[in-house]
Amino acid sequence: MSNRKIKAIVVDDENRIRRGIERLILSCGEEFEIVGSYSSGTKLMSEYEKENIQFDLLITDIKMPGMNGLELIKEMRNRASFEAVVISGFNDFHYVQTAIRERALDYMVKPLIRDEFRQQLGKIKDKILKNWEEEKKVEIIDTQLRHVKQTQALSELVRGNEIDLAELEWTKDFPKGTYYLLHISIDFNQKRDTSALQSGELEKRLQDILEDFNEATLNLSWIWKGDEVSFWILMHNKEADQLQEMMIAERLHSAIKTGTNLTSTIALSRGFYDVAVIPALRDRLSALLQFRLIYGGNQIYTLSLVENNLKERGKIRESKELEITITRMVESLDLLRREELFHHLNHFLNELKQLPSPQEIEKSIQVLAIQSINRLLTKSSAKDELHLIQEALKLTRKSPNFIELKKNLTTWMQKVLNIFEEMNQHESVNPIDTAKTWISDNLGNNITIDKIAKKVHMNPTYFCEYFKNQTGETVLDFVTKARIEKAKELLLSTDFKIYDISQQVGYNDTKYFSKLFRKYFGEVPSKYKEKAKMNLN
């Protein structure tokens with residue numbers, strides 16, 4: 001507050017007097033600065049329309065050519081919020097009454113007396129500063145309430161299933177910048193004492209760490225409870241800096257271990273720019289957490305870390321024969337040679353049958369899965385197929401016999417091949433055109449970022465960033481605009497009720513739909529249609 005200056009504008013048609021008032025204002029203390037000086041009200045109005053000048057105090061003469069000071073105050077009140085002081089050489093009670101009516105703080109008569117002017121400006125300064133304090137208090141309360149509401153909405157976001165973009169308009173209220181999502185899961189063990197978790201003590205400790213970190217870095221964060229043994233945290237960073245996010249993840253991880261006798265596993269996303277992608281990230285982070293089944297808990301997992309581990313795991317050596325077969329299968333996948341792939345798969349299955357233990361069979365399938373998916377990741381920006389490794393690892397446990405294992409592994413390999421083939425088909429297609437066409441064809445259906453991204457075989461967060469860079473608007477903005485434009489078309493070309501139109505373009509809440517329509521076209525649908533009919537007549 002101490003760095004904020006009171007911005008003043010002076011309006012007087014006499015140049016000498018205007019300059020004198022400016023000097024008087026600046027002599028009243030460093031809290032004041034002159035941001036405008038004009039010889040008439042019309043000049044101020046014209047400049048304001050061009051520049052939208054921000055100011056706190058208007059000091060104006062009353063008697064000026066064209067527009068007098070009281071008229072100027074009245075007009076400017078319709079455009080801005082400020083305090084006003086009027087100055088005149090006419091000690092006329094009528095002017096005093098009008099000045100009071102226009103909420104002027106004071107009425108001064110020329111010639112101005114320096115000490116009286118300073119004294120009066122001191123009172124005005126105190127009033128403005130007091131107003132700022134009150135505004136700050138209201139702003140803090142509003143910010144806190146908004147933060148609570150956003151946290152509640154984020155909690156619902158990670159609990160829900162497929163969330164249509166129509167339900168994500170509120171995400172536009174989040175500040176611009178880079179976001180990171182953390183999913184903290186307690187490594188649950190029946191022998192551990194979970195009292196800190198159950199009492200809320202652990203959540204409070206995590207909140208304190210986040211507040212200290214945010215205060216030091218000027219970042220923002222939101223934390224909420226997941227299931228009984230997990231937390232979610234959304235971190236806002238003005239600049240993309242995963243090292244900083246990794247640092248806070250390590251601090252949180254350490255606090256859980258130090259403050260309780262619990263250990264935890266944390267999944268940390270890559271940076272993203274649109275909060276609307278969280279439903280898609282939710283599943284990716286949950287999949288990342290599952291890698292503790294392979295690499296163990298009490299760690300922090302990032303996609304980069306898992307990718308590096310996959311490369312290392314893929315180097316595990318089985319028998320020379322198995323190693324050669326797996327390599328041939330991966331090459332067949334890469335080249336989309338279906339018959340060759342399943343020929344090698346049959347050979348692989350025969351070799352598996354000869355292995356002496358279930359553990360070695362499981363280990364061999366793990367190597368096949370890791371190498372196959374790692375090849376997939378090197379070919380595409382899509383990073384959401386890691387769950388296929390988990391599926392492959394479960395095959396030995398869910399297959400009651402080798403015949404079923406053979407069947408299940410063949411189905412799994414078919415699924416992987418399908419992904420390779422779909423990626424190949426879409427390589428020459430413009431993903432933006434594909435996405436826009438799909439959206440236009442599905443305006444009345446459930447549209448999610450995950451669904452759109454899958455249509456173009458991209459990772460949801462990467463796709464959102466790519467879409468924004470290519471089109472200049474977010475996916476959410478495009479979908480909303482397309483739906484509202486379609487609604488306008490239906491409104492003007494059919495006799496459908498507003499409720500029916502709302503449903504046809506994907507909005508179940510008619511009231512919310514009408515509010516959005518008004519935002520785009522300036523009128524609620526019924527009034528818009530009424531005016532359109534009148535214009536035709």
Side-chain angles (χ1 to χ4, degrees), residues 161-162 188 283-284 286-297 301 306-307 309-380 382-426 450 454 457:
N161 295 316
E162 290 188 330
F188 191 70
D283 299 332
R284 306 311 180 270
S286 295
L288 270 183
L289 282 179
Q290 293 303 310
F291 277 87
R292 61 182 158 185
L293 298 174
I294 303 175
Y295 308 121
Y301 286 106
V306 169
E307 286 170 356
N309 283 342
L310 290 182
K311 289 175 185 175
E312 292 302 314
R313 279 280 177 134
K315 296 174 184 176
I316 296 173
R317 293 292 183 261
E318 300 295 322
S319 70
K320 193 69 179 173
E321 191 70 24
L322 272 171
E323 180 188 336
I324 293 170
T325 304
I326 290 173
T327 301
R328 286 173 176 169
M329 289 171 70
V330 173
E331 291 303 320
S332 299
L333 262 177
D334 201 8
L335 298 171
L336 304 179
R337 294 174 179 167
R338 178 180 290 271
E339 289 185 15
E340 186 180 290
L341 170 65
F342 287 100
H343 169 76
H344 292 314
L345 178 60
N346 283 330
H347 189 58
F348 176 75
L349 288 164
N350 289 332
E351 291 176 32
L352 284 187
K353 202 169 185 180
Q354 307 306 315
L355 292 176
S357 71
Q359 289 76 20
E360 290 189 52
I361 292 174
E362 186 171 354
K363 189 178 178 184
S364 298
I365 291 175
Q366 177 184 322
V367 174
L368 170 63
I370 287 172
Q371 289 199 8
S372 299
I373 302 308
N374 191 47
R375 181 65 64 91
L376 176 63
L377 297 179
T378 61
K379 288 176 65 69
S380 167
K383 303 292 184 184
D384 59 347
E385 309 300 348
L386 294 173
H387 68 279
L388 289 170
I389 296 176
Q390 297 300 319
E391 286 185 21
L393 293 180
K394 293 175 183 176
L395 294 180
T396 54
R397 296 167 200 169
K398 77 173 189 177
S399 303
N401 52 54
F402 198 82
I403 294 174
E404 285 297 313
L405 177 61
K406 180 178 179 180
K407 178 180 165 184
N408 290 333
L409 188 56
T410 302
T411 301
W412 181 88
M413 187 56 74
Q414 180 64 60
K415 185 186 295 186
V416 176
L417 177 60
N418 289 344
I419 295 171
F420 272 86
E421 289 176 338
E422 287 175 4
M423 282 170 48
N424 185 63
Q425 289 172 7
H426 287 82
D450 212 13
K454 281 180 179 176
H457 300 276

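Atoms considered below: every heavy atom in the structure, side chains included; atoms not considered: hydrogens, waters and symmetry mates.
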> Hey, are the side chains of W412 and N408 touching, using non-hydrogen atoms and a 4.5 Å cut-off?
Replying inline: no
> Considering the options T410, T411, N418, which one meets the side-chain hydrogen bond (donor to acceptor under 3.5 Å, both in side chains) requirement together with Q414?
Replying inline: N418
> To the nearest 0.5 Å, what is the distance between NE2 (H343) and CZ (F348)?
Replying inline: 14.5 Å
> Once you round to the nearest 0.5 Å, how far does CG of D334 lie from CG of L341?
Replying inline: 11.5 Å
> With side chains defined as the heavy atoms from C-beta onward, is the minimum distance between M329 and H347 less than 4.5 Å?
Replying inline: no
> Who passes side-chain hydrogen bond (donor to acceptor under 3.5 Å, both in side chains) against K415, sequence neighbours left out?
Replying inline: E391
> Looking at residues at least two apart in the chain, or sitting in another chain, which of them share a side-chain hydrogen bond (donor to acceptor under 3.5 Å, both in side chains) with Q354?
Replying inline: none
> Of all residues at least two apart in sequence or in a different chain, which pass the side-chain hydrogen bond (donor to acceptor under 3.5 Å, both in side chains) check with R337?
Replying inline: none
> CZ/F420 to OG/S332 distance, rounded to the nearest 0.5 angstrom?
Replying inline: 11.0 Å
> Say you draw a straight line from CD1 of I361 to CZ of F402; how long is it, rounded to the nearest 0.5 Å?
Replying inline: 6.0 Å
> If you measure from CG on L333 to NE2 on H344, what distance do you get to the nearest 0.5 Å?
Replying inline: 10.5 Å
> Under a 4.5 Å cut-off applied to non-hydrogen side-chain atoms, are K353 and L405 in contact?
Replying inline: no
